[in-house]
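Per chain, numbering begins at 1; letters A, B, ... match sequence-line order.
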There are 2 protein chains.
Amino acid sequence: MTTLADVAAKAGVSKSTVSRAFSRPESVRAETRGRVLATAHELAFTPNRIARSLAIGRTGSIGLFVPDIANPYFGPVIKTVQRNARRHDLTVFTADTDEHDEDEHALAQTMAQQADGLLLFSPRMSEAAILDLTGRLPVVVINRDIPGVPAVVIPSTDGMTQAVEHLAALGHRHIAYLSGPATTFSNRARRAAVLAATQRFGLQLTQLGPFEAVFTGGIRAGDLLIASGATAAIAYNDLIALGLMQRLTERGLRVGNDISVIGFDDIWLAPMTQPPLTTVRAPAAAAATSALRMLIDIMDGRADADRRPTPLASELMVRLSTGPVAR
Amino acid sequence: MTTLADVAAKAGVSKSTVSRAFSRPESVRAETRGRVLATAHELAFTPNRIARSLAIGRTGSIGLFVPDIANPYFGPVIKTVQRNARRHDLTVFTADTDEHDEDEHALAQTMAQQADGLLLFSPRMSEAAILDLTGRLPVVVINRDIPGVPAVVIPSTDGMTQAVEHLAALGHRHIAYLSGPATTFSNRARRAAVLAATQRFGLQLTQLGPFEAVFTGGIRAGDLLIASGATAAIAYNDLIALGLMQRLTERGLRVGNDISVIGFDDIWLAPMTQPPLTTVRAPAAAAATSALRMLIDIMDGRADADRRPTPLASELMVRLSTGPVAR
DNA sequence: ATGAAAGCGCTAACAT
DNA sequence: ATGTTAGCGCTTTCAT
């Protein structure tokens with residue numbers, strides 16, 4: 001491996017000059033700079049980031065934690081964060097926590113030392129664990145509310161209220177909410193919104209679950225839903241809604257006619273299903289962007305600068321998986 | 001931030017002892033070790049990985065590059081690699097190259113300095129770029145064939161041959177192949193396999209595309225397929241096949257009856273579609289596991305050790321999107 | 001504009 | 001078993 005010193009020797013200058021030629025080019029005479037850069041190129045030299053990090057105390061990268069990288073919902077999130085970070089010369093390291101609570105903290109600890117900041121999407125780890133991390137480096141959480149920890153939450157109340165209102169307008173009197181992972185912030189928020197709205201619109205609510213936030217969770221939910229007698233269901237997320245539709249269809253029900261289904265997230269698959277899925281569009285990418293901006297502000301010491309998060313809203317996308325109640 | 005030195009001072013020992021207490025605990029007297037570890041804990045000290053990396057010349061992490069993190073196909077791949085790497089005390093940094101050829105190399109260059117090895121899945125970057133990387137650190141590529149570069153390829157010939165054979169047996173005489181990204185190794189391999197098999201079984205082959213390897217690519221393919229007059233199509237991957245089915249249905253055709261569709265990958269969605277998708281199961285996770293093993297061998301200097309890759313096979317999963325040719 | 005030297009936090013011979 | 005010392009490759013005062 002070629003180092004600064006090699007280049008310096010060959011170019012007949014000091015290490016400092018080579019260093020400067022890379023980091024503050026204008027501070028070195030054009031001629032010298034040219035010679036240095038040329039020999040650097042000739043020697044195929046690239047500055048060692050590790051050494052650089054040690055010297056300046058920053059790594060130039062951030063960690064992004066998502067609960068399930070296989071969930072189509074997170075694809076756009078990851079891509080968006082990566083694209084925006086790049087503009088700030090930050091590399092993003094994405095880690096999948098796989099809903100695996102203990103590992104999540106261990107992994108975060110590791111990451112905490114090779115990153116300048118952390119973006120935690122729907123973290124499941126304990127509050128204590130998160131507070132521990134925030135003590136070590138800048139952290140912004142998405143979809144979690146912990147006193148003192150900078151956060152962006154994806155709103156669910158407006159969309160969920162619209163969902164219930166929509167079902168009420170279609171004549172449904174008894175609906176079900178299909179819980180996702182029981183203890184998560186997201187599930188609590190969505191369930192509370194549905195509960196409040198059903199009371200407001202005078203609907204009967206049955207709560208089913210919890211179900212894992214995956215397709216097979218929805219499959220399992222199908223039979224429970226039928227047994228419940230509800231004429232419509234609002235699922236924790238689209239993956240569950242998709243599995244649900246599948247199972248209902250297998251059971252001979254026509255989704256959108258005999259029974260209505262609403263999801264949450266609006267993943268790219270949602271408009272493509274048969275029938276297309278009515279769902280709440282949650283602005284995940286926007287939330288992630290907003291969170292990244294906050295994180296960078298904190299990392300740059302602009303801690304209290306414009307810390308008003310971008311106002312976000314969720315919104316019901318009406319498609320064909322919901323229809324007038326069957327009589 | 002607390003350092004080794006702080007702990008050493010407070011515990012009344014030298015830095016080396018503290019260092020040893022962490023890295024080779026048995027080499028330090030139990031009593032001393034206890035005292036050191038206690039004060040380390042008390043001071044909330046965690047060894048700085050960056051400094052450690054610089055000193056030992058290894059980072060303890062590897063980079064995993066995938067073309068599209070949003071493709072459900074890669075979810076299991078990423079999870080598998082992460083799980084296996086963890087057993088070797090390696091952290092995995094996943095990067096999405098987003099089919100963005102230039103960036104891919106730049107990102108890889110960056111990663112090359114904070115990782116001990118690289119796993120490149122279906123890389124699109126130039127051969128020169130890959131060779132450049134292999135000169136810097138251990139690299140294993142998946143689904144690409146470059147002389148001198150360790151590789152694992154996911155077989156497509158057997159599965160594709162079975163696919164064509166299957167269609168021939170169903171009475172199809174004219175089929176279409178829907179190309180993915182034109183220049184990729186994977187597309188060339190799959191197309192060649194289909195071509196050879198159609199010749200062998202005496203079928204007429206129409207080649208359509210190239211299409212982007214996403215759902216909307218398949219949508220666009222639908223009308224072209226109908227115009228071609230073929231009675232069945234084999235798509236580059238499942239995402240294209242899904243979009244295709246969607247469009248064919250919109251055009252009033254009954255997939256599996258009026259026209260047959262075969263995909264490639266066998267993503268988790270494939271059995272869930274209406275009708276369930278006949279597709280070639282490609283052992284991506286197994287390939288990734290095998291590639292990781294090779295990478296670790298190379299990193300550990302066991303370069304030429306058991307370098308026989310695990311034999312892999314692809315296999316047709318027959319479902320309902322294929323059926324006897326309509327007469 | 002350039003150089004010399006100290007130091008980032010850790011590890012690894014080499015001593016003792 | 002523990003301490004001393006010299007780096008790992010880079011940045012950054014402080015001189016010149």
For this session: Decide yes or no on side-chain contact (heavy atoms from CB on, under 4.5 Å) for A:Q109 and A:D132, but give the supporting numbers first.
Result: CA-CA 9 Å; A:Q109 301 257 42; A:D132 164 53; 3.7 Å; yes
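At C:dG3, one or more side-chain N or O atoms of A:T17 fall inside 4.0 Å of OP1 or OP2 (strictly under the cut-off).
Environment of CZ in B:R58: sparse, with no more than 12 heavy atoms of neighbouring residues, nucleotides or ligands closer than 6.0 Å.
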Problem set entry | Summary of protein contacts for nucleotides 6-15 of chain D, nucleotide by nucleotide, where a base hit scores B, a sugar-phosphate-only hit scores S (4.0 Å, heavy atoms) | -BBBBBB---
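As a whole-Å value, the separation of A:E26 CD from C:dA1 P is 10 Å. A straight line from CD of A:Q114 to C1' of C:dG9 spans 15 Å, rounded to a whole angstrom.
Taking the six-membered ring where tryptophan is involved, the planes of B:F22 and B:F45 are perpendicular, since the angle between them exceeds 60° and thus also 30°.
Evaluated for a side-chain contact (heavy atoms from CB on, under 4.5 Å) with B:P150, the options B:L295, B:V141, B:V140 yield exactly one hit, B:V140.
Nucleic acid contact for B:S53: none, since no nucleic acid atom lies under 4.0 Å from a heavy atom of the residue.
Between the side chains of A:S186 and A:T184, no donor N or O sits under 3.5 Å from an acceptor N or O.
Every residue meeting the side chain to side chain contact (heavy atoms under 4.5 Å, CB included) condition with B:T110, not counting sequence neighbours, appears here in chain and number order: A:R49, A:T91, B:Q114.
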